[in-house]
Amino acid sequence: MINRFKTGLPIETAAIPSENRGLYKDNTVLDINAFPNIMSTNKECIDGLYKFSLSDKAMVFGLGETVRGINKKGWIYESFCADDPNHQEGKRSLYGAHHFIVIKDDKCFGLFIDNPGRVTFDIGYTDRDRLVIKSENPEQYIYLIDGNEPYDIIKQFLRLIGKAYIPPKWAFGFGQSRWGYNSAENVREVVRQHRENHIPIDMVYMDIDYMEGFRDFTVREDNFPDFSAFVREMHEQHIHLVPIIDAGIKEEAGYDIYDEGEEGGFFCKDADGNTFVAAVWPGRSVFPDFMNKESRDWFGSKYKKLIDAGIDGFWNDMNEPALFYTPIRLKKAVDKVNGLSKGNPGIDSFFEISGSVNSLQNSLEDYESFYHKMDDGSVVRHDRVHNLYGMNMTRAAAEKMKEDYPDKEFLLFSRASYIGAHRYGGIWQGDNKSWWSHLKMNVAMTANLNMCGFLFTGADTGGFGDDVTEDLLIRWLSFSIFTPLMRNHSATGTREQEFYRFKDTDTFRHIIGIRYRLLPYIYESYLHAAENYEMLLRPLVFDYPYDERVLDIEDELMLGDRILIAPVVEQNKNGRMVYLPEDMIMVRLTRDAEGRFLEERSEVLAGDNYINVPLSDVVFFLKKGMTLELSEFKEYID
C-alpha cells in the first residue's frame, strides 16, 4: 500500500508518470502517525525534518548512486547531483539523486522524498540510533510504502515510477571507449585489433575528441572526413558508434546551435534575464533550459544531425550540470589570488589562494545565480530543481527520438539522473578509478541502482581514472559481463587498457566471450525484470529474507531467477568464500590444455564453500533444478 503526503506547494518532477496516480492514496493532510518509528513533531515534518528511530538490527537500503555498500546505515548522504570524480568513502554526493530508501526493522517500510532540491539522509551518522531526513526546501511529496519485506516494497515502488527503459539488443554487447580516440584512424585501429584478436565487440564510444572545438552536434572534419561514410563503414563491420553529447553549448556567434538557442530563448537566464554563462569544455558556454518543454523539444531535435549520419546511440554527459567557473566568480578569484600573492604569503594566505581556485568548480553560489522557466510558466532558481537537470536532458532526447523515429530503437544513457530518469535511458556510474575498492563499490552500486529503477547500468570496466593493472582489469571484466551496460573506458593520460594491449589476451577473449554465450539469459532476464517491475541484480537478503546468514553479504548478487554471482573483488586472491542459501550447482567456465572453451558443472553445493577462482575462470552458481543453455561464441550481436 502506498500513501502520498504533501507539504507546501511541491514542484512537479515527473518522477511518477501521470497514468500511475491510481497506485497511491493521495492524502491532503500530513499524518505523521502514519510513519513507523517517527520521532518528529508535525511542525518539524512540515519544515522538512523527519526523524526515525533505528534499532541495532535495522538495515537501510536504497539511495541508488552513492558510495559505500548496500546497507546504507552508518553514513550521511547529501542527495544533490555532483560532478565529482573522486568517489571515496567520505563523499556524500555523486552524479545521481535518488531519494528512495527502504527501512528493514521491527516494521518494514519505504520512503520516497519527491523533491528536486537537496535532501540529506543522516542514517545513523550523527546518532547511530536515528535516521534523519532533512530537505533544504520542505515543499515536497512524501510517498510512504508499506510491505512485509524490502523486496515487496521495492517492487511496489518500481511499479509506481514506471517501466524501465529497454535498449536495443546490440546495446548488451561490449563497447570500447577512451578519452583520446580523436580520429577515424584511431577507431579503425581499435576495431581492427578486436577483430584480429577475435575479441567480441559491438560498439565504440566516442568521447569529446570527435567534436569540433567541443561543440555539441559537430564532427571534426579534419580527423573524421565524410563522417556518414565512416559510420556506414563501421556498421558494415557490425560496429555501432556511440558519441557523447554534453549539456553546455559553446557561446559563439555563428555556431548554429548557439544562434538558434539564443534566438529562441531556449537557454537558462540569470537574475537580470540575460543568458546565463559559465565555462565547461569549450570555454564560455550556455545551458539549455531542460525544465521547459519548448527547450527540450528544440534540444532533442538537434540529435537528428547525427542520426541522419547513421548514429543510433548516445551518451549524455556533464549534465549535473558541471560548471568549471562563471566569469564573475573567476574574476573575483583572480583578484583575490593577485592580492594574496604579493609580498611573502604564509600558510594562511596559501590556503586562501588554493581555496579561491578550488572552489570555482560547481559552486553552490553559481547554482543559485540562474533560473528556469518551468512547464507551468513559473520561474524557479536552479538550485531548487538542480537534481532534475540531467534527467530532463535525457528526457529531451528520448521523447524527441520516439516522436520522430517511432519504429527505431536507440541506445541512450546519462551521467546525472533523478528518480524517473530510468524510463528514458540508462546511466553509467561515472568517472570511477582503477581501484579494487571501486570494483567492490560497482557491485553494491549496481544493486542500489536497480532498487531505484535503473536496470540498464554499469561502471567503466577497469576504472576511468588512474592506471589499471592486468589482474584488476580481468577481475573487473569477470563482473562486468553480468551487468547490462558493459564498456571499457579510460581517461586520457592513463595507461591504455584495451584488452589486446595486455599479455594475457587469451583470458580477456575467453571472459568477454562468456558474456556473449550468456547473452540470451541476461537479455531475457532484463526484459522480464522490466516488464514485471522487478530488479535484475539483487542482494541475497531480498530473495532470502528469512536467512540470517545473508544479512551481511554484499558481494554476492542474484541475477535473474536462476543465477547467483560472487565476483572476486580483492587483489592477489585465488578464490573466495561463497555462501549458498539453497542447493546450487557451481558452473565453471574455463579452458582446456589446448585453450578450448570448457564448461564444468559441480555436484550440488549449499552453505559455506571456499571456491578456487583462477584469473582465467568465470564461476557462478545455478539453482538446483534450473536449466541454463549457453549460446555459441560470437564476435558481435546479430
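Numbers for residues simply follow the sequence, beginning at 1.
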Ionic contact status for [Y] with [X], cut-off 4.0 Å:
{"X": "Asp207", "Y": "Arg178", "answer": "no"}
{"X": "Glu496", "Y": "Arg501", "answer": "yes"}
{"X": "Glu78", "Y": "Lys91", "answer": "no"}
{"X": "Lys440", "Y": "Asp555", "answer": "no"}
{"X": "Asp122", "Y": "Lys134", "answer": "no"}
{"X": "Asp431", "Y": "Arg415", "answer": "yes"}
{"X": "Arg591", "Y": "Asp617", "answer": "no"}

Going by heavy atoms in the side chains, are [X] and [Y] under 4.5 Å from each other?
{"X": "Phe413", "Y": "Thr394", "result": "no"}
{"X": "Glu470", "Y": "Asp504", "result": "yes"}
{"X": "Arg538", "Y": "Asp543", "result": "yes"}
{"X": "His240", "Y": "Val204", "result": "no"}
{"X": "Ser93", "Y": "Tyr77", "result": "no"}
{"X": "Val191", "Y": "Met234", "result": "yes"}
{"X": "Val102", "Y": "Val60", "result": "no"}
{"X": "Leu589", "Y": "Phe620", "result": "yes"}

Query raised in the report: Just checking, any donor-acceptor pair under 3.5 angstrom between side chains of Thr494 and Asp467?
Result: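 No pair is found: no donor N or O on one side chain lies under 3.5 Å from an acceptor on the other.
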Query raised in the report: Regarding Thr505 and Asn197, is there a side-chain donor-to-acceptor distance under 3.5 Å anywhere?
Result: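 Per modelled atom types, Thr505 and Asn197 side chains form no pair under 3.5 Å.
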Query - From Thr446, Asn488, Thr461, residue fulfilling side-chain hydrogen bond (donor to acceptor under 3.5 Å, both in side chains) relative to Ser480 - result: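 Option passing the side-chain hydrogen bond (donor to acceptor under 3.5 Å, both in side chains) with Ser480: Thr461.
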Between [X] and [Y], does the ring centroid distance fall short of 6.0 Å?
{"X": "Tyr303", "Y": "Phe314", "result": "yes"}
{"X": "Tyr165", "Y": "Tyr424", "result": "no"}
{"X": "His87", "Y": "Tyr95", "result": "yes"}
{"X": "Tyr523", "Y": "Phe172", "result": "yes"}
{"X": "Phe217", "Y": "Phe299", "result": "yes"}
{"X": "Trp75", "Y": "Phe121", "result": "no"}

Query - Aromatic ring pairing His386/His382, orientation class (parallel under 30°, perpendicular over 60°, tilted between) - result: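 If you compare the ring of His386 with that of His382, the planes turn out perpendicular.
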Query raised in the report: Relative to the ring of Phe464, is the ring of Trp179 parallel (under 30°), tilted (30 to 60°) or perpendicular (over 60°)?
Result: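 Parallel, since the angle between the ring planes stays under 30°.
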Quick one: [atom1] on [X] to [atom2] on [Y], what's the gap to the nearest 0.5 Å?
{"X": "Arg515", "Y": "Leu477", "atom1": "CZ", "atom2": "CG", "answer": "10.0 Å"}
{"X": "Met206", "Y": "Leu306", "atom1": "CE", "atom2": "CG", "answer": "8.5 Å"}
{"X": "Arg576", "Y": "Ile611", "atom1": "CZ", "atom2": "CD1", "answer": "9.5 Å"}
{"X": "Thr590", "Y": "Ile514", "atom1": "OG1", "atom2": "CD1", "answer": "8.5 Å"}
{"X": "Ile637", "Y": "Lys169", "atom1": "CD1", "atom2": "NZ", "answer": "7.0 Å"}
{"X": "Glu65", "Y": "Leu449", "atom1": "CD", "atom2": "CG", "answer": "6.0 Å"}

Query raised in the report: Pick from Tyr205, Tyr516, Phe499: which one makes a ring-ring contact (aromatic ring centres under 6.0 Å, His included) with Phe174?
Result: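 It is Phe499; the other options fail the test.
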Considering all heavy atoms, the nearest [X]-[Y] contact:
{"X": "Val443", "Y": "Phe479", "answer": "CA-CZ, 3.7 Å"}
{"X": "Ala164", "Y": "Ala530", "answer": "O-CB, 4.2 Å"}
{"X": "Arg329", "Y": "Ser363", "answer": "NH1-CB, 3.2 Å"}
{"X": "Asn387", "Y": "Gly117", "answer": "ND2-O, 2.8 Å"}

**Report entry** Stepwise ring pair (Phe, Tyr, Trp, His ring centres under 6.0 Å) check, Tyr418 with Tyr389
**Finding:** CA-CA 9 Å; Tyr418 183 75; Tyr389 195 79; over 10 Å; no
Query raised in the report: Can you check ring pair (Phe, Tyr, Trp, His ring centres under 6.0 Å) on Phe456 and His422, steps first, answer last?
Result: CA-CA 8 Å; Phe456 192 73; His422 71 291; over 10 Å; no
Measure from NZ or CZ of [X] to the centre of the six-membered ring of [Y] and say whether it is under 6.0 Å with the direction within 45° of the ring axis.
{"X": "Arg487", "Y": "Trp428", "value": "yes"}
{"X": "Arg118", "Y": "Phe80", "value": "yes"}
{"X": "Lys250", "Y": "Phe214", "value": "no"}

Report task. Show your working on side-chain hydrogen bond (donor to acceptor under 3.5 Å, both in side chains) between Gln429 and Thr457 and close with a plain yes or no. Result -> CA-CA 7 Å; Gln429 295 165 20; Thr457 185; 3.1 Å; yes
Requested in this report: Using side chain to side chain contact (heavy atoms under 4.5 Å, CB included) as the criterion, point out the one residue from Asp312, Leu412, Leu411, Ile311 that pairs with Val242.
Outcome: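 Between Val242 and the candidates, side chain to side chain contact (heavy atoms under 4.5 Å, CB included) is satisfied uniquely by Leu411.
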Requested in this report: Answer yes or no: are there more than 12 heavy-atom neighbours, outside Glu89 itself, under 6.0 Å from its atom CD?
Outcome: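 Result for CD/Glu89: open.
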